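A quick write-up on the structure given underneath.
As the structure is a prediction and not an experimental result, all values here were calculated from the model. As a basis for the values below, the full set of heavy atoms in this structure was taken, side chains included, without hydrogen atoms, waters or symmetry mates.
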Amino acid sequence: MFGCLVAGRLVQAAPQQVAEDKFVFDLPDYENINHVVVFMLGTIPFPEGMGGSVYFCYPDQNGMAVWQLLGFVTNEKPSAIFKISGLKSGKGSQHPFGAMNLPQTPTVAQIGISVELLENLAQQTPVANAAVSSVDSFTEFTQKMLDNFYNFASSFAVTQAQMTPNPSEAFIPANVVLKWYENFQRRLTQNPFFWKT
């Protein structure tokens, strides 16, 4: 039903079934993995109203399993890519694999898939930074730069009552900066390379 892919490695299409509704893939040498793709094979769909929560499990310094929710796959969204490289020092979260005694070795992590009701999946919050950004790095940088500039400029805002006359200093109304910020964001959304013309 599921597959797992790590760049440069063979596709895993036969997860270990550890319960009727729980599956795991082993990830040997997980310290050298940045991203993992989890997908449905297309042979068996989820039952109506069901989906799969995707978890990352790695051993902590004491060899104890740390589980973190990455996200979901469903019949409508049958594949997802997750960034796991920054998660290895985070805290664990609630997970449905708790009672299972899954073997843990220092160099092997696991991807776990738990088949659950869609309404339950919608109430869960994946760990931050697991989702891979859908925008390219240039657009992401530009957005962060805009946010930083606007926040920086706004930190100097004063009301007219707080202004002291100073003939050598020019003041720009904050609404002008906000208007520029919104226009630039809109144009960037429409065409990330508009500035080249």
Side-chain angles (χ1 to χ4, degrees), residues 1-47 50-118 120-141 143-144:
M1 183 173 184
F2 304 110
C4 178
L5 175 65
V6 173
R9 299 185 186 185
L10 292 173
V11 172
Q12 294 185 52
Q16 176 187 358
Q17 188 168 1
V18 294
E20 184 179 340
D21 58 351
K22 311 265 186 294
F23 305 85
V24 294
F25 292 99
D26 286 341
L27 298 177
D29 194 26
Y30 76 96
E31 292 287 347
N32 294 313
I33 299 174
N34 290 321
H35 297 84
V36 171
V37 179
V38 176
F39 56 94
M40 296 176 65
L41 298 175
T43 54
I44 303 170
F46 283 109
M50 304 294 279
S53 56
V54 180
Y55 291 85
F56 174 58
C57 174
Y58 66 94
D60 67 9
Q61 302 94 331
N62 301 320
M64 300 299 295
V66 177
W67 290 88
Q68 296 177 324
L69 178 64
L70 300 178
F72 315 97
V73 289
T74 64
N75 290 335
E76 291 73 34
K77 183 182 174 249
S79 64
I81 182 170
F82 303 106
K83 181 178 180 186
I84 64 169
S85 58
L87 304 180
K88 297 164 193 126
S89 60
K91 291 185 176 180
S93 60
Q94 277 193 320
H95 60 86
F97 296 89
M100 296 172 200
N101 189 14
L102 300 175
Q104 294 296 311
T105 58
T107 60
V108 178
Q110 292 174 319
I111 291 293
I113 302 171
S114 175
V115 179
E116 302 174 21
L117 290 169
L118 290 175
N120 293 346
L121 298 181
Q123 297 173 12
Q124 298 174 358
T125 305
V127 66
N129 302 325
V132 175
S133 175
S134 61
V135 297
D136 63 66
S137 58
F138 171 76
T139 304
E140 188 174 7
F141 166 76
Q143 183 62 51
K144 297 276 188 201

For Q12 against L27, the heavy-atom pair lying closest together:
NE2-CD2, 4.1 Å
What closest approach, in Å, do M1 and I44 show between heavy atoms, and which atom pair accounts for it?
CG-O, 3.6 Å
Looking only at heavy atoms, the pair that brings C4 and I111 closest together is SG-CG1, 4.4 Å
Decide side chain to side chain contact (heavy atoms under 4.5 Å, CB included) for F56 and F82; before the verdict, give the C-alpha distance in whole Å, the side-chain angles of both, and the deciding distance to 0.1 Å.
CA-CA 10 Å; F56 174 58; F82 303 106; over 6 Å; no
Over all atoms of both residues, closest heavy-atom pair of L41 and A13:
CD1-O, 3.9 Å
Closest approach of I113 and V38, non-hydrogen atoms and distance?
CD1-CG1, 3.7 Å
Return the set of residues passing side-chain contact (heavy atoms from CB on, under 4.5 Å) with Q124 (not counting sequence neighbours), or none when no residue passes.
S53, Y55, L69, F72, E116, L121
Verdict with reasoning, E20 to V115, per side chain to side chain contact (heavy atoms under 4.5 Å, CB included):
CA-CA 9 Å; E20 184 179 340; V115 179; over 6 Å; no
Is there a donor-acceptor pair under 3.5 Å between the side chain of Q16 and the backbone N or O of D26?
no
Using the ring pair (Phe, Tyr, Trp, His ring centres under 6.0 Å) criterion, which residues pair with F46? Sequence neighbours excluded.
F2
Heavy-atom closest pair, residues F39 and S79
CB-CB, 3.7 Å
Would you give the length of the straight line joining atom CE of M50 to atom CG of N75, rounded to the nearest 0.5 angstrom?
11.0 Å
